[in-house]
Novice: 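One structure follows; several queries about it will come next.
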Amino acid sequence: MKYDFAAIESKWQHFWQANGTFAAANPGQCGFEADRPKFYVLDMFPYPSGVGLHVGHPLGYIATDIVARYKRMCGAAVLHPMGYDAFGLPAEQFAVEHGVHPRITTEQNITNMTRQLKRLGLSYDWDRCLTTTDPDYHRWTQWIFLQLYNSWFDPTAGAARPIEQLRQKLEAEVLYVGPEDELIDSPAEGLGAVTGMPIGARKWHELSANQRTAVIANHRLAYMDEIDVNWCPALGTVLANEEVTNEGRSERGNHPVFKRPLRQWMLRITVYAHRLLEDLELVKWPDPIKTMQRNWIGRSEGALVDFAVVDRDDLIRVFTTRPDTLFGATYMVLAPEHPLVEDVTSNSQHQKVDQYCRQAVQRSEIDRAAETKSKTGVFTGACAINPVSGQRLPIWIADYVMMGYGTGAIMAVPAHDQRDHDFARTFGLPIIQVVAEDSVDVQVEAFEGEGTCVNSANDEVSLNSLTTAEAKHAITQWLDMKGLGKTQVQYKLRDWLFSRQRYWGEPFPILHGPDGEIVALDEAELPVELPEMEDFAPCASEDPNEPVQTPLSRAPDSWKAVDRDGKRYTRELNTMPQWAGSCWYYLRFIDPANSERFVGREAEQYWMVSDKKDGHPHAGGVDLYVGGAEHAVLHLLYARFWHKVLHDLGHVSTPEPFGRLFNQGYIQAYAYTDERGVYVPAEEVKEDGQRFVCNGQQVRQEKLGKMGKSLKNAVAPDEICERFGCDSLRLYEMYLGPLDQDKAWSTKDIVGQSRFLHRLWRNFVNEETNELLVSDKPAGEDLRRMLHSTIKRVTDDMETMSYNTAIAALIELNNELISAKTTPRDVAETMVLLLSPIAPHISEELWQRLGHDQSLAYETWPIYDKALLVQQQVQYPVQVNGRLRGRITIATDADDKAIESSALAEQAVKDAIGDNPVRKVIIVRNKMVNIVAK
RNA sequence: GGCCCCGUGGCGGAACUGGCAGACGCUACGGACUUAAAAUCCGUUGGCCCGUAAGGGCCGUGCGGGUUCGAAUCCCGCCGGGGCCACCA
């Protein structure tokens, strides 16, 4: 019988499903074995798209499947689930275009993608499959939102705590309330450390009921605030900063995005900035991803400094990372949105300032970013006093200072900051050098490096001759003493804008009262399901200033209105963003059917708390998380934040969700264009010598690009499985190159892997007679050595996920077997086991033909015999002056002297040395010999 | 502009901490089998040169330098490609 991959693959896929081969048992469940180490290996779950999978998707899925299968054979209990991240814009857009409810299209897409995934023979525990749009799932998403809403960040604990504890602390007067509702440790701090002005700490019992509610609200981890949001009129929704490209357009759809003030739900991720930063130390993630998160969080150390405005009571507070250059400040800049702009502007400048600010705010982020770096600005007519030099500093407005970072105001030091320098040169402002540097003329360009202070002294303090680091310290101390400033750690990270004006998302478990009060639902009232609606289209518009409506505002009153305690409440009409469901799905996989809790405690501990000896003992969490690098700062940061909150509140056991992260590369493919420059379907393009032809027309090969609709270069896995079988597809994708690199797809190359499997089959099965070509004669010495070196190579590669070289090793062994008529049984069985994680179907079939009646999924992974890896004899290449001149073969245990004399006895070596004296002989054991003779 | 990654035959890639460059696969070419083709099998396949041949020599990991007995690998400076961030004070 020939290698009939179609029959074999279908047979084993049915077998696995019928026998529940890959079902994982939780503690307490039937089949649970407490003594097995656990291994949780997770894919980033896909969005159920209408076009289904292309061959790029499974790259990571195949890799995790190999890990899962390998770990099972190593004796681990493996949790390997798959699900769907199904809320989000594309389903809704498709629904709007086709008039089909998104729930229906989502279900269809899921059915199709599940079929595709199953055809790849992936060893998921399908019983754990979940979908984020399922009310049984999003009920718990809403529940987690309630945890956020009902918590605050206790700075003393450095962690989230129930909001009730804040109320108690305020009532007990352990905490007091400052003028901006900030919490203050004691009324004795009534004199502001920075300004010296009274802060006005208030006691809880002095506050009205409304004030109390507001104070509490201002410390919840989920809160509403009127903020400048990224408004995308074309999509009819707001977007998080992370969802806006640096050209100021929407990541989805590439529509223009505008700034506009809106009252929105926010999550207070900023209070976790330092922990999100520090705990990166605990996880085994690729360095580039860690760096991206660090940059995104954007920690910088510096100082806050207050500048008094001349002839006014106002203070302008700035943040600077270079307080050592304070004496070099020659002007100040406020962001156009800064609240003091109006106050300080003089009458004569009022019109100009007003015009400038209006322009700046109106301009979408696009222009502001895409603008050449040329500086614009306008003088307010007001001045501030440099607190160290007493100099008058003109106050300007300029859009190169942004309200969103620091205090929205800066002191400008043109000598030592290039942006300030550009601005100063444009408007003829003075440039004062305060850091010594010979090689740079600060009148021409800024010197931004560190050095020694000059020109930096007043009657009380001198920084002159101090280094930058010393000067920063000295001046900050002096400012602090004077009540003019203090050290400050600043983060770029902003709070997370958490509401969207869409239909297809999780409803908030929130009611709004008639007097504007916000009431959270009780846990028992969950889930809040989406209302059935005919028209779920977003309220898109051309006009960025049109009033904001949400689709849910058109929901029937039977859904929208809730009567309670004699009052009529309205449900929150925004929905949660796409990210909500993916922030915690890895927890639900652990216990997907639990109706009492979002995840059972025992199961959570079992699957999340890491074994002590697995290489990353600190983090715990998912043992291996595989997905694309595009989620470096969105999903991965949000999920870490939620996880930390849940951890603080005692709901999960580990500080981090994902102990180890691996980013697979993308599979790319060539795209082709015709003479009009229009993309033609890549699958219809034929190669004809040097030319490419599509439908008789010559087409041009474009650059490699990500597979997809737009480049018309997607290849569906279905047709590949049809033609070559999924074992060949799996081998091919893994053989393409290192997993973390991008690589080019080439359908014609799959034949290599297909050939390998056919040859393997013929090494085991006589195609004519269907006989097994396996002998019970033990393998000879050489073959056994090769087998064990293959075991070592494949095992090492499994550990590092270097599947391309593991496959090469298996091919080499298989090629060796071709010359023999029969394969010794021990070699055959071992080889099948080694191959099985990568090509499981053919392996199962051969395993059965070798006489086993059970799946090999839980067979013990082969162990190599170290003794067989040690050769009796070693061949040494012999170099003379670094050039290869000959070879010697000598006993492995020969001493250096014997190796040396043997090498020197070699005729070719003698010739190469000639009359030159031998100065040195370098022997690297088991590697090579180098003779230095000059 | 800043930070990071990468550069090896016609192609994808291999080479563990510096130690035989090009494993393995694809392509191409030659041969076997076949009426023929496909499939399959065998061989060759980095460049240049010497030799009828067996065989041998030189060059070679983007470019230029350096360290070293020895560099694809480490260091310095360029060039080319990719990614992330981008007026973050």
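Predicted model, so just to flag it, every value in this text is computed and none were measured. Letters A, B, ... are given to chains in the order of the sequence lines, protein chains preceding strands, and every chain is numbered from 1.
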Novice: Can you check the A:His758 NE2 to B:rC41 C1' distance for me, whole Å?
Specialist: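 The distance from NE2 of A:His758 to C1' of B:rC41 comes to 15 Å, rounded to the nearest Å.
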
Novice: Could you let me know what B:rU61 is paired to, Watson-Crick or G-U wobble, both distances under 3.5 Å, or none if it's on its own?
Specialist: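 Paired with no nucleotide.
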
Novice: What's the closest nucleotide to the side chain of A:Asn930 if the choices are B:rC87, B:rC69, B:rC42?
Specialist: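 It is B:rC69.
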
Novice: Return the value, rounded to whole Å, for the distance between atom CD of A:Gln907 and atom P of B:rG55.
Specialist: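 Atom-to-atom, A:Gln907 to B:rG55, this comes out as 19 Å.
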
Novice: How far does the P atom of B:rG18 sit from the matching atom of B:rA72, given to the nearest Å?
Specialist: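 Nearest-Å result for B:rG18 against B:rA72 at atom P: 13 Å.
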
Novice: With a cut-off of under 6.0 Å to the ring centre and 45° to the axis, is A:Arg755 in cation-pi contact with A:Trp761?
Specialist: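 Output no; distance or angle outside limits.
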
Novice: Looking only at atom C1', what distance separates B:rC20 and B:rC26, rounded to whole Å?
Specialist: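 After rounding to an integer number of Å, I get 25 Å for this pair.
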
Novice: Extract from the structure each pairing of a protein N or O with an N or O of nucleotides 21-29 of chain B at less than 3.5 Å, listing the distance.
Specialist:
residue	atom	partner	partner atom	Å
B:rA23	O2'	A:Glu812	OE2	3.2
B:rC24	O2'	A:Tyr735	OH	2.6
B:rC24	O2	A:Tyr735	OH	2.4
B:rG25	OP1	A:Asn815	ND2	3.1
B:rG25	O4'	A:Tyr735	OH	2.9
B:rC26	OP1	A:Arg755	NH1	2.6
B:rC26	O2'	A:Asp749	OD1	2.5

Novice: More than 12 heavy atoms of other residues, nucleotides or ligands under 6.0 Å from CD of A:Gln907: is that the case?
Specialist: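 Buried by this count: over 12 neighbours within 6.0 Å.
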
Novice: Can you check the distance between B:rC50 and B:rC69, where both ends of the measurement are the C1' atom (answer in whole Å)?
Specialist: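 Here B:rC50 and B:rC69 have their C1' atoms 30 Å from each other.
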
Novice: Whole Å only: how far is the OH atom of A:Tyr666 from the P atom of B:rC84?
Specialist: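 About 8 Å, once rounded to whole Å.
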
Novice: By side chain to side chain contact (heavy atoms under 4.5 Å, CB included), which residues pair with A:Val341, not counting sequence neighbours?
Specialist: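 Per chain and number, A:Val341 pairs via side chain to side chain contact (heavy atoms under 4.5 Å, CB included) with A:Leu334, A:His338, A:Thr345, A:Val353, A:Cys357, A:Ile397.
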
Novice: How long is the line joining CD1 of A:Ile922 and C1' of B:rC20, in whole Å?
Specialist: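 Result: 16 Å.
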
Novice: Before we go on, tell me: are the rings of A:Trp745 and A:Tyr732 under 6.0 Å apart, centre to centre?
Specialist: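 Ring centroids of A:Trp745 and A:Tyr732 are less than 6.0 Å from each other.
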
Novice: Considering only atom P, compute the distance from B:rG55 to B:rG65 and round it to an integer number of Å.
Specialist: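 Those two atoms are separated by 36 Å.
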
Novice: Please state the P separation for the pair B:rG7 and B:rU45 - nearest whole angstrom.
Specialist: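 Roughly 26 Å separates the two P atoms.
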
Novice: Using the ring of each side chain (for Trp, its six-membered ring), is A:Phe427 parallel, tilted or perpendicular to A:Phe423, with breaks at 30° and 60°?
Specialist: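 The arrangement is tilted - the two ring planes meet at 30° to 60°.
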
Novice: Please evaluate the base of B:rC69 for a donor-acceptor partner in the side chain of A:Arg919 within a cut-off of under 3.5 Å?
Specialist: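 Answer no: no donor N or O sits under 3.5 Å from an acceptor.
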
Novice: Which base, if any, makes a Watson-Crick or G-U wobble pair with B:rU34, both distances under 3.5 Å?
Specialist: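 The answer is none; no pair meets the criterion.
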
Novice: Looking at A:Arg762, does any N or O in its side chain come under 4.0 Å of the phosphate oxygens OP1/OP2 on B:rA39?
Specialist: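 Checking A:Arg762 against B:rA39: no side-chain N or O falls below 4.0 Å of OP1 or OP2.
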
Novice: Rounding to an integer number of Å, can you tell me how far A:Gln668 CD sits from B:rG83 C1'?
Specialist: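 Atom-to-atom, A:Gln668 to B:rG83, this comes out as 11 Å.
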
Novice: So which atom in A:Asp420 and which in A:Ile410 form the shortest heavy-atom distance, rounded to 0.1 Å?
Specialist: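 That would be OD1-CD1, 3.5 Å.
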
Novice: Just checking A:Gln741: base, sugar-phosphate only, or nothing, at a heavy-atom cut-off of under 4.0 Å?
Specialist: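 The residue A:Gln741 makes sugar-phosphate contact but no base contact.
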
Novice: So which one's nearest nucleotide on RNA chain B is more toward 5', A:Leu736 or A:Pro877?
Specialist: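 The residue mapped nearer the 5' terminus is A:Leu736.
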
Novice: Side chain to side chain contact (heavy atoms under 4.5 Å, CB included) with A:Thr823: which residues, sequence neighbours excluded?
Specialist: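 A:Thr823: side chain to side chain contact (heavy atoms under 4.5 Å, CB included) contacts with A:Asn763, A:Leu817, A:Val827, A:Ala828.
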
Novice: To the nearest angstrom, how far is A:Met734 atom CE from B:rG12 atom P?
Specialist: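 Value for this atom pair: 19 Å.
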
Novice: Taking only the P atom of each, what is the distance from B:rU8 to B:rG62 in whole angstrom?
Specialist: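 Result for the P pair: 6 Å, nearest Å.
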
Novice: What distance, rounded to whole Å, do you find between the two C1' atoms, one in B:rC6 and one in B:rA54?
Specialist: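 Between the two C1' atoms, the distance is 44 Å.
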
Novice: In the strands shown, is B:rG80 matched to any nucleotide by a Watson-Crick or G-U wobble pair with both distances under 3.5 Å, and which?
Specialist: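 B:rG80 is paired with B:rC6.
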
Novice: Decide, yes or no, whether a salt bridge links A:Lys472 with A:Asp324 under the criterion of side-chain N to carboxylate O below 4.0 Å.
Specialist: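 Between A:Asp324 and A:Lys472 there is no salt bridge, as every charged N stays at least 4.0 Å from the carboxylate O atoms.
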
Novice: Over how many whole Å does the gap from A:Asp797 atom CG to B:rA15 atom C1' extend?
Specialist: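 Rounding to the nearest Å, CG of A:Asp797 and C1' of B:rA15 are 13 Å apart.
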
Novice: Figure out the CD/P separation between A:Gln418 and B:rG2, and round it to whole Å.
Specialist: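 To the nearest whole Å, that distance equals 12 Å.
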
Novice: Does A:Asn295 use its side chain to pair, donor to acceptor, with the backbone of A:Gly298 at less than 3.5 Å?
Specialist: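 Side chain of A:Asn295 to backbone of A:Gly298, a donor-acceptor pair under 3.5 Å: no, none is there.
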
Novice: Expressed as a whole number of Å, how far does the C1' atom of B:rG22 sit from that of B:rG47?
Specialist: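 Between the two C1' atoms, the distance is 13 Å.
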
Novice: Under a 3.5 Å cut-off for both contacts, is B:rC11 paired Watson-Crick or G-U wobble with anything, and if yes, with which nucleotide?
Specialist: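 Its partner is B:rG25.
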
Novice: With syn defined as a glycosidic angle within 90° of 0 and anti as everything else, classify B:rG22.
Specialist: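 Classified anti.
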
Novice: Touch check for A:Met292, heavy atoms < 4.0 angstrom, all strands: base, sugar-phosphate only, or nothing?
Specialist: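 The residue A:Met292 makes sugar-phosphate contact but no base contact.
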
